[in-house]
Colleague: 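Here it is: the structure, laid out below.
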2 protein chains.
Amino acid sequence: MVTIADVARDAGVSASTVSYVLSGKRSISAETRRRVEASIRRLGYHPHAGARALASSRTNVLALVMPLRTDIDVPVVMRFVTSVVTAAREHDHDVLLLTNDEGPQGLRRVAASAIADAILVMDVEADEPRIPVLRSLLRPAVLIGVPDDPEDLSCVDLDFHAAAARCVHHLADLGHTDVALVGPSPTVYERGTSFAGRFLHGFDGAVRERGLRGGTYPCPPSHEAARACLDEVLTRQPDVTGIVVHNEAALGTVLSELDRRGRKVPEDVSVVAVCPEDMADGFAVPLTAVPIPSDEVGRIAVEMVLRQLQGDAAPEVRLLSPRLREGGSTAPRR
Amino acid sequence: MVTIADVARDAGVSASTVSYVLSGKRSISAETRRRVEASIRRLGYHPHAGARALASSRTNVLALVMPLRTDIDVPVVMRFVTSVVTAAREHDHDVLLLTNDEGPQGLRRVAASAIADAILVMDVEADEPRIPVLRSLLRPAVLIGVPDDPEDLSCVDLDFHAAAARCVHHLADLGHTDVALVGPSPTVYERGTSFAGRFLHGFDGAVRERGLRGGTYPCPPSHEAARACLDEVLTRQPDVTGIVVHNEAALGTVLSELDRRGRKVPEDVSVVAVCPEDMADGFAVPLTAVPIPSDEVGRIAVEMVLRQLQGDAAPEVRLLSPRLREGGSTAPRR
DNA sequence: ATGAAAGCGCTAACAC
DNA sequence: GTGTTAGCGCTTTCAT
């Protein structure tokens with residue numbers, strides 16, 4: 001293995017000079033820097049991560065806690081994961097992937113063994129049970145999702161409350177008065193998943209505000225369940241003309257089942273989706289949608305946590321404003 | 001931070017004794033072990049990962065290279081990822097998540113900086129371009145997928161060739177003579193993705209062997225594309241009575257579109273799915289399917305690579321035999 | 001069955 | 001602008 005001593009010898013400088021060339025923490029003459037960088041390249045030197053972590057107490061690794069759930073939309077989770085990894089790499093950090101099934105002990109282990117500098121947490125609940133552990137860790141943490149009381153933890157997420165309101169207002173503005181929300185699985189609501197509850201409240205609030213008739217329908221993640229769910233919508237609200245689908249897995253089924261029942265979109269029923277933008281584009285008619293900005297959320301989470309590591313950062317709750325992209329799945333009520 | 005010296009002092013032994021209690025690399029008296037373990041628990045000691053890596057040149061971290069593709073089925077990728085993480089944790093290892101977009105340089109970086117002990121690679125191509133780098137790394141590597149020539153690298157995957165044959169034989173045994181394969185996206189075939197090609201060959205081979213009429217249809221990942229793809233199947237093979245769907249994203253669409261066109265499953269058309277087992281269960285009638293054993297593949301990949309790290313392991317190619325689970329979506333031809 | 005001590009490769013004072 | 005040096009916390013000889 002190539003060490004910093006090898007590089008130093010090769011470039012005719014001391015090891016500390018090599019270290020400083022790499023870190024930029026003190027000024028180096030142009031000539032020295034050139035020689036050192038040449039040696040680094042020629043020898044194919046990469047600093048030993050463990051040695052660096054030991055000496056500097058910085059690992060340049062972020063831990064990301066991923067849910068193992070199958071009731072939330074897996075592709076959306078995956079987008080968060082990839083955007084976190086991509087953003088981390090852009091800032092010269094790597095990502096250690098943890099699952100939730102180790103429990104709080106896993107978080108303690110990661111923090112105490114100094115295997116990562118900070119922790120990012122997904123699948124946040126309204127009454128988030130991991131908050132006490134995270135606060136006790138003395139390492140920065142950022143939640144992807146917003147609990148009811150984040151205390152002094154930083155959070156970032158789409159403003160799902162506002163997103164729901166945006167969907168309802170769009171439908172109301174088009175003249176719809178009887179609207180439905182096809183939401184995530186009942187199990188997602190039951191465990192108090194933050195984004196689901198916030199969306200639901202936003203929906204109910206806007207429905208009331210605009211004086212609409214509105215129903216909400218949790219929908220388990222299977223084709224059969226989605227079909228049954230739509231049946232229930234049409235039974236309980238036979239005159240429904242606006243449906244908000246906040247459930248990626250159910251989206252395709254809802255649309256094809258509406259079609260099968262002879263309800264044309266958007267002539268008879270307007271549909272607003274809450275999903276990744278490219279998913280909304282995958283239909284014959286691109287859907288009217290509030291896109292979930294996974295890339296931006298992941299990037300911001302990484303940047304927030306790095307800023308905290310750098311020292312200059314107060315905890316903050318960052319709610320991204322929803323954007324409604326009009327597509328061909330909504331139209332004025334006939 | 002709690003160090004090994006703190007534990008040693010607390011237990012009244014030397015640091016090396018604590019180390020040996022932890023590693024089990026030499027025998028310790030019952031009494032000493034008890035005292036040391038008590039101190040470890042009481043102080044909440046966790047070995048410093050960097051120090052350990054520096055001293056032992058073992059990190060207990062596995063790197064997993066994940067594709068960023070959107071044309072392969074994301075939930076399936078995610079299942080591999082979670083099964084690798086879970087299996088790794090069961091063997092006291094963590095997982096560092098890499099994406100492909102750093103290229104070979106990323107693999108070199110990870111290996112040279114000793115941030116991980118071994119590398120697992122997903123999304124393998126038939127003519128896998130990363131093989132030379134991986135071989136040059138002097139670290140164990142395991143491919144999840146099987147290239148045409150793995151050289152001395154270990155691989156593990158479902159035997160997709162046999163899986164396709166299994167599907168065709170099942171349909172042929174039921175009397176079907178006109179069969180179709182709805183496969184992954186054209187882009188997946190174009191870049192020579194290993195599993196797609198192996199499945200396609202298996203399908204073609206079995207169709208020929210059984211003297212059937214058979215067509216193959218790559219299907220891009222959108223609802224609209226899936227609908228168009230089914231149209232093409234029914235146009236080119238109007239008498240088709242058996243369809244193999246090797247494309248999770250298209251599965252729901254294919255079934256609902258068949259229904260919409262008045263072709264009953266399984267009375268008019270038999271459908272065999274190749275997908276995670278619980279996905280096949282999510283339909284009104286559980287589908288006949290060859291399940292993709294993601295959990296097993298991930299677990300085996302981890303175990304193979306750990307065995308290589310331990311020293312006792314020859315490279316091996318492990319193809320898991322497909323299992324066909326009969327469900328309600330296939331029936332004898334009328 | 002246990003201890004003492006020599007590094008592992010790097011960073012960051014401290015010197016000049 | 002650069003070199004010297006003292007650790008960082010652990011594992012693993014070598015001793016006993």
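Numbered from 1 within each chain, the chains take letters A, B, ... in sequence-line order. None of the values given here were measured: they were computed from a predicted structure.
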Colleague: Students often get this wrong, so: under 4.0 angstrom with heavy atoms, is B/S19 touching a base, only sugar-phosphate, or nothing?
Modeller: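 Here B/S19 touches the bases of the nucleic acid.
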Colleague: If you assign B/A51 and B/T17 each to the DNA chain D nucleotide with the nearest heavy atom, which residue ends up on the more 5' nucleotide?
Modeller: B/A51
Colleague: Does a side-chain N-to-carboxylate-O contact under 4.0 Å join B/R33 and B/E37?
Modeller: yes
Colleague: Does A/T32 reach a base, just sugar-phosphate, or nothing at all? Heavy atoms under 4.0 Å.
Modeller: sugar-phosphate
Colleague: For D/dT11, does either OP1 or OP2 sit under 4.0 Å from a side-chain N or O belonging to B/S23?
Modeller: no
Colleague: Under the 3.5 Å rule, do the base of C/dG3 and the side chain of B/R26 count as making a donor-acceptor pair?
Modeller: yes
Colleague: In whole angstrom, give the distance that lies between atom CZ of B/R52 and atom C1' of C/dG7.
Modeller: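 From B/R52 CZ to C/dG7 C1': 18 Å.
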Colleague: Could you work out how much the helix from C/dA1-D/dT16 to C/dC16-D/dG1 bends, comparing the axis of its first five pairs with that of its last five, to 10°?
Modeller: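 Axis-to-axis angle, ends of the helix: 30°.
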Colleague: Name the closest nucleotide to the B/Y45 side chain, picking from D/dC10, D/dT2, D/dC8.
Modeller: D/dC10
Colleague: Is A/R307 paired with A/E316 through a side-chain N to carboxylate O contact shorter than 4.0 Å?
Modeller: yes
Colleague: Please pick, from D/dT12, C/dC10, D/dC10, the nucleotide with the shortest atom-to-atom distance to any side-chain atom of B/S56.
Modeller: D/dT12
Colleague: Can you check the A/D117 CG to D/dC8 P distance for me, whole Å?
Modeller: 19 Å
Colleague: Rounding to a whole Å, what distance do you find between A/R33:CZ and D/dT2:C1'?
Modeller: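 Checked: the CZ to C1' distance equals 13 Å.
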Colleague: Sequence neighbours excluded and cut-off under 3.5 Å, please list the side-chain donor-acceptor pairs for residues 43-52 of chain B, or say none.
Modeller:
from	atom 1	to	atom 2	distance (Å)
B/H48	ND1	B/G50	N	3.0
B/H48	ND1	B/A51	N	3.0

Colleague: Of the candidate nucleotides D/dT12, C/dC8, C/dC10, which contains the atom at the shortest distance from the side chain of A/I4?
Modeller: C/dC10
Colleague: Would you say B/K25 reaches D/dT12's phosphate, i.e. side-chain N/O to OP1/OP2 under 4.0 Å?
Modeller: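 Result: yes.
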Colleague: Give a yes or no on whether a donor-acceptor pair under 3.5 Å exists between the nucleobase atoms of D/dT4, that is its base, and the side chain of A/S16.
Modeller: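 Side chain to base: pair found, below 3.5 Å.
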Colleague: Consider the side chain of B/S29, meaning its heavy atoms from C-beta on, and name the nucleotide among C/dG9, C/dA1, D/dC10 that approaches it most closely.
Modeller: C/dA1
Colleague: B/H48 NE2 to C/dC10 P: how many Å, rounded?
Modeller: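 From B/H48 NE2 to C/dC10 P: 15 Å.
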Colleague: Does CG in A/D127 sit with more than 12 non-hydrogen atoms of other residues, nucleotides or ligands closer than 6.0 Å?
Modeller: no
Colleague: Evaluate the side-chain proximity of A/L62 to A/V302: yes if any heavy-atom separation is below 4.5 Å, no if none is.
Modeller: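 In short, these two side chains touch, coming nearer than 4.5 Å.
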Colleague: In whole Å, I'd like the distance from the CG atom of A/L22 to the C1' atom of C/dA12.
Modeller: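 Taking CG of A/L22 and C1' of C/dA12, I get 14 Å after rounding.
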Colleague: How long is the line joining CZ of A/R9 and P of D/dT2, in whole Å?
Modeller: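 Checked: the CZ to P distance equals 19 Å.
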Colleague: What I want to check is whether an N or O donor and acceptor connect the side chain of A/Y20 with the base of C/dA12 at under 3.5 Å.
Modeller: yes
Colleague: Salt bridge check, B/D295 against B/R79: does any charged N sit closer than 4.0 Å to a carboxylate O?
Modeller: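 Salt bridge: no.
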Colleague: Could you tell me if the side chain of B/R26 sits less than 4.5 Å from the side chain of B/S16, heavy atoms only?
Modeller: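 Yes. Closest side-chain heavy atoms under 4.5 Å.
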Colleague: To the nearest Å, how far apart are B/N60 CG and D/dC10 P?
Modeller: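 Result: 14 Å.
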Colleague: Between C/dC10 atom P and B/I115 atom CD1, what is the distance in whole Å?
Modeller: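 Answer to the nearest Å: 14 Å.
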Colleague: Using 4.0 Å as the upper bound for N to carboxylate O, is an ion pair formed by A/D123 and A/R191?
Modeller: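 Yes.
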Colleague: Could you work out which one of D/dT2, C/dA4, C/dA1 sits closest to the side chain of B/S14?
Modeller: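 The nucleotide sitting nearest to the side chain is C/dA4.
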